[in-house]
Amino acid sequence: MSGPTYRAVKGTRDLFPPESERFAQAEAAAARIFGSYGYGEVRTPCLEATELFARSVGETTDIVHKEMYTFADRKGRSLSLRPENTAGVVRAVIEGGLAAGPMPLRLWYAGPQFRYERPQAARYREFRQIGVELFGVPGPAAEVEILTMLFAFLGALGFRSLSASLNSVGTARSREEFGEALRAYLEPRSSGFGEDDRRKLAENPLRLFDSKDAAVRAALEGSPRTLDFLDAESRRHHDEVRRLLGQARIPFRDEPSLVRGLDYYTRTAFEFYRTGAEGQQDALGGGGRYDGLIEALGGPATPGVGFAIGLDRTLLVLEQRGLAAEAPAVVFVASFEGTRAAAGALVRELRREFAVETDVESRGFGAQMKAAGRANARFVVILGEDEWTRGEVALKDSQTGAQETLRRESLAAALRERMRAVAAR
Ligand code: HAM
């Protein structure tokens, strides 16, 4: 037999249960936790004018230079699938008049992003991010708020040992001075650079920090650091961010070579990861401050700070490291000829609280028990005809095999209690 006629586009994938459910649960946790900090959800289009990303993420970044899905629409306008969501949120906030409204403005989002990268483990061409953007707070309290919230969210997903790496890239001006010093340092050391890295050296030397090439990495050893070029205000800001993070007990370490692969950052830049017992680090996402971006895109001068979590990666790490929360236990309701109608009503009632499966094809009892097994049901409620006339039902625990008879009106409470016991284990 030959394979399927149509396949998902390289670097994209389909999500089925239980994986799709884990994505939905993470998004629900984001809504709950970010919501409790006063963040509301924003949804922006997957498609934007190409120019928006060139202006914000930066023409010379890898993302814009070689990873965007860009095409001309039928009227010849250049459009791109969004490679990230900050630019779109900023555009929306300006266009919708929110940038001129009351500050601070707190938004979060979840959705697919697109980058033409070489697919490999946990790297896709369509991937999902959950992110937040906080507008209108110039001081370090903003960084502390979003990092506290980020760690609360990752903790709720099941992560325990988390840390952030932290740096400051200063203002646009200090970035420029740093870039010049970096170019002067690297030029005499660039004989082994490839064509693309030579372009970066000429156009935007900071982008060389994104390079994985060994010659570039070696040349960068001992190069100037962003921190040596900070203006006094950026330095104060950075020191205060570090002090407050310590006070808030957010684990972080200084990473002087961290500049991030997007051009819009000013001052704070950070990435965050899970640390394993064996010292391995699983990168989960990144973010930072972008105080010039709203103005650069045509809005009022407004500070901004945010982060994005790579959801595909994050959920993979949870699963690989055995940290994923178990899916809620399933209840299967089995019935006989004379209790079928009653079962229908009972299922509707239980579904308000539990994940309930049942047989919709009026099959025999044996087939129903097989279906319960296939559904991996932890509990089976059996509506026997005689018991039902007495106002009773049977509740079976598939794992222990124990079965008991209960009053019908105490079934929900009994299930609730057993579910709690299962979750606590
Ligand atoms: P970013 O570092 O480009 O930042 O992306 C954030 C995260 O998205 C990465 O750390 C990674 O987990 C995930 N990611 C990126 N590319 C892929 C891929 N090809 N496959 C799977 N996961 C991927 C941003 O996007 C900024 N907008 C973050 C931000 C928000 N800064 C301020 N506000």
Side-chain angles (χ1 to χ4, degrees), residues 9-13 15 23 26 30 34 39 42 44 48 52-53 56-58 61-69 81-93 105-135 137 142-143 145-147 149-150 154 157 159 162 164-167 169 207 209-210 255 258-274 281-294 303-318:
V9 171
K10 184 174 174 184
T12 74
R13 65 201 177 121
L15 298 173
F23 280 79
F34 300 162
Y39 286 69
V42 57
T44 69
E48 298 275 1
L52 174 71
F53 301 114
S56 54
V57 175
T61 57
D62 282 352
I63 295 177
V64 171
H65 187 70
K66 53 188 181 196
E67 293 172 0
M68 281 209 301
Y69 282 90
L81 290 176
R82 62 183 184 198
E84 61 98 56
N85 221 150
T86 306
V89 169
V90 170
R91 189 230 5 99
V93 158
L105 173 64
R106 296 181 162 89
L107 296 170
W108 73 273
Y109 52 82
Q113 319 293 332
F114 305 85
R115 294 183 195 177
Y116 194 87
E117 291 195 79
R118 181 140 21 111
Q120 49 173 256
R123 198 205 280 162
Y124 305 97
R125 289 180 174 172
E126 181 190 35
F127 59 98
R128 293 144 199 90
Q129 285 183 344
I130 289 183
V132 315
E133 312 295 351
L134 166 57
F135 299 99
V137 183
E143 278 90 336
E145 173 172 301
I146 64 165
L147 278 158
M149 192 166 82
L150 168 69
L154 292 172
L157 290 191
F159 285 102
L162 293 162
S165 46
L166 185 71
N167 194 23
V169 296
R207 297 280 59 96
F209 283 101
D210 311 335
E255 180 49 71
L258 179 72
V259 299
R260 312 244 322 114
L262 305 96
D263 274 349
Y264 50 60
Y265 292 112
T266 55
R267 299 196 170 147
T268 311
F270 61 85
E271 291 182 344
F272 43 94
Y273 48 88
R274 171 190 176 265
Q281 292 182 355
D282 301 311
L284 305 177
R289 181 172 277 282
Y290 47 86
D291 288 348
L293 183 58
I294 295 96
V305 57
F307 63 75
I309 300 160
L311 197 55
D312 305 76
R313 240 166 242 195
T314 299
L315 294 180
L316 185 74
V317 170
L318 268 184

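Source: prediction; values computed, not measured. Numbering starts at 1 and runs along the sequence shown. Just so you know, ligand 1 is whichever comes first in the structure, and atom 1 is the first atom listed for that ligand.
Summary of contacts: the protein heavy atom closest to atom 30 (C) of ligand 1 is Thr86 OG1, 3.0 Å. Counting only heavy atoms of the protein, atom 3 (O) of ligand 1 lies nearest to Arg115 NH2, 2.8 Å. For atom 13 (C) of ligand 1, the closest non-hydrogen atom on the protein side is Gly310 CA, 3.6 Å. Considering only non-hydrogen protein atoms, atom 11 (C) of ligand 1 sits nearest to Arg313 NH1, 3.4 Å. In terms of protein heavy-atom proximity, atom 27 (N) of ligand 1 is nearest to Glu84 OE1, 2.6 Å. Nearest to atom 26 (C) of ligand 1 among the protein's heavy atoms is Tyr264 OH, 3.3 Å.
For atom 5 (O) of ligand 1, the choice among Gln129, Gln120, Arg289 with the nearest heavy atom turns out to be Gln129. Heavy-atom proximity to atom 31 (N) of ligand 1, evaluated over Tyr124, Tyr265, Tyr116, is greatest for Tyr265. Taking each of Phe127, Tyr273, Phe272 in turn, the one with a heavy atom nearest to atom 18 (C) of ligand 1 proves to be Phe127.
Close approach of ligand 1 to Leu262 (heavy-atom distance below 4.0 Å) involves ligand atoms 3 (O), 4 (O). Within ligand 1, counting atoms from 1 as listed, the ones closer than 4.0 Å to a heavy atom of Phe307 are 29 (C), 30 (C), 32 (C), 33 (N). The Ala122 neighbourhood of ligand 1 comprises atoms 20 (N), 21 (C), with distances under 4.0 Å to a heavy atom of that residue. Using a 4.0 Å cut-off to heavy atoms of Gly287, the atoms of ligand 1 that qualify are 31 (N). Heavy-atom proximity to Glu117, at under 4.0 Å, picks out these atoms of ligand 1: 16 (N), 17 (C), 18 (C), 19 (N).
Here the straight-line distance linking atom CZ of Arg289 with atom CZ of Arg267 works out to 7.5 Å at 0.5 Å rounding. To the nearest 0.5 Å, atoms CG (Asp263) and OH (Tyr290) are separated by 15.5 Å. Atom CG in Leu258 sits 4.5 Å away from atom CD in Glu271 (nearest 0.5 Å). Rounded to the nearest 0.5 angstrom, Phe272 CZ and Leu284 CG are separated by 6.5 Å. A distance of 5.5 Å separates CG of Asp282 from CZ of Arg274, quoted to the nearest 0.5 Å.
No heavy atom of Gly131 sits closer than 4.0 Å to any atom of ligand 1. In this structure, Arg260 counts as a contact residue of ligand 1, since one of its heavy atoms falls inside 4.0 Å of the ligand. Judged by the shortest distance from any of its heavy atoms, Gly285 lies inside the 4.0 Å radius around the atoms of ligand 1. Remark: distances from the non-hydrogen atoms of Asp312 to ligand 1 are all 4.0 Å or more.
Checked by distance only, ligand 1 and Leu284 come closer than 3.5 Å through their nitrogen or oxygen atoms. Backbone and side-chain nitrogen or oxygen atoms of Glu133 are examined, and one is located within less than 3.5 angstrom of a nitrogen or oxygen of ligand 1.
A heavy-atom distance below 4.5 Å is found between the side chains of Val305 and Ile146. The shortest side-chain heavy-atom distance between Leu311 and Phe127 does not fall under the 4.5 Å cut-off.
For Arg125 and Tyr116, the positive end sits near the middle of the six-membered ring, less than 6.0 Å away and at most 45° from its axis. Figure legend: cation-pi geometry between Arg82 and Phe53 absent, as NZ or CZ is not positioned both under 6.0 Å from the six-membered ring centre and within 45° of its axis.
A side-chain donor-acceptor contact under 3.5 Å links Tyr109 and Glu133.
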After noting the C-alpha distance and the side-chain angles of Tyr264 and Glu84, does the key distance pass the side chain to side chain donor-acceptor pair (under 3.5 Å) rule?
CA-CA 12 Å; Tyr264 50 60; Glu84 61 98 56; 2.5 Å; yes

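Here the shortest heavy-atom pairing between Arg106 and Leu134 reads CG-CD1, 3.7 Å.
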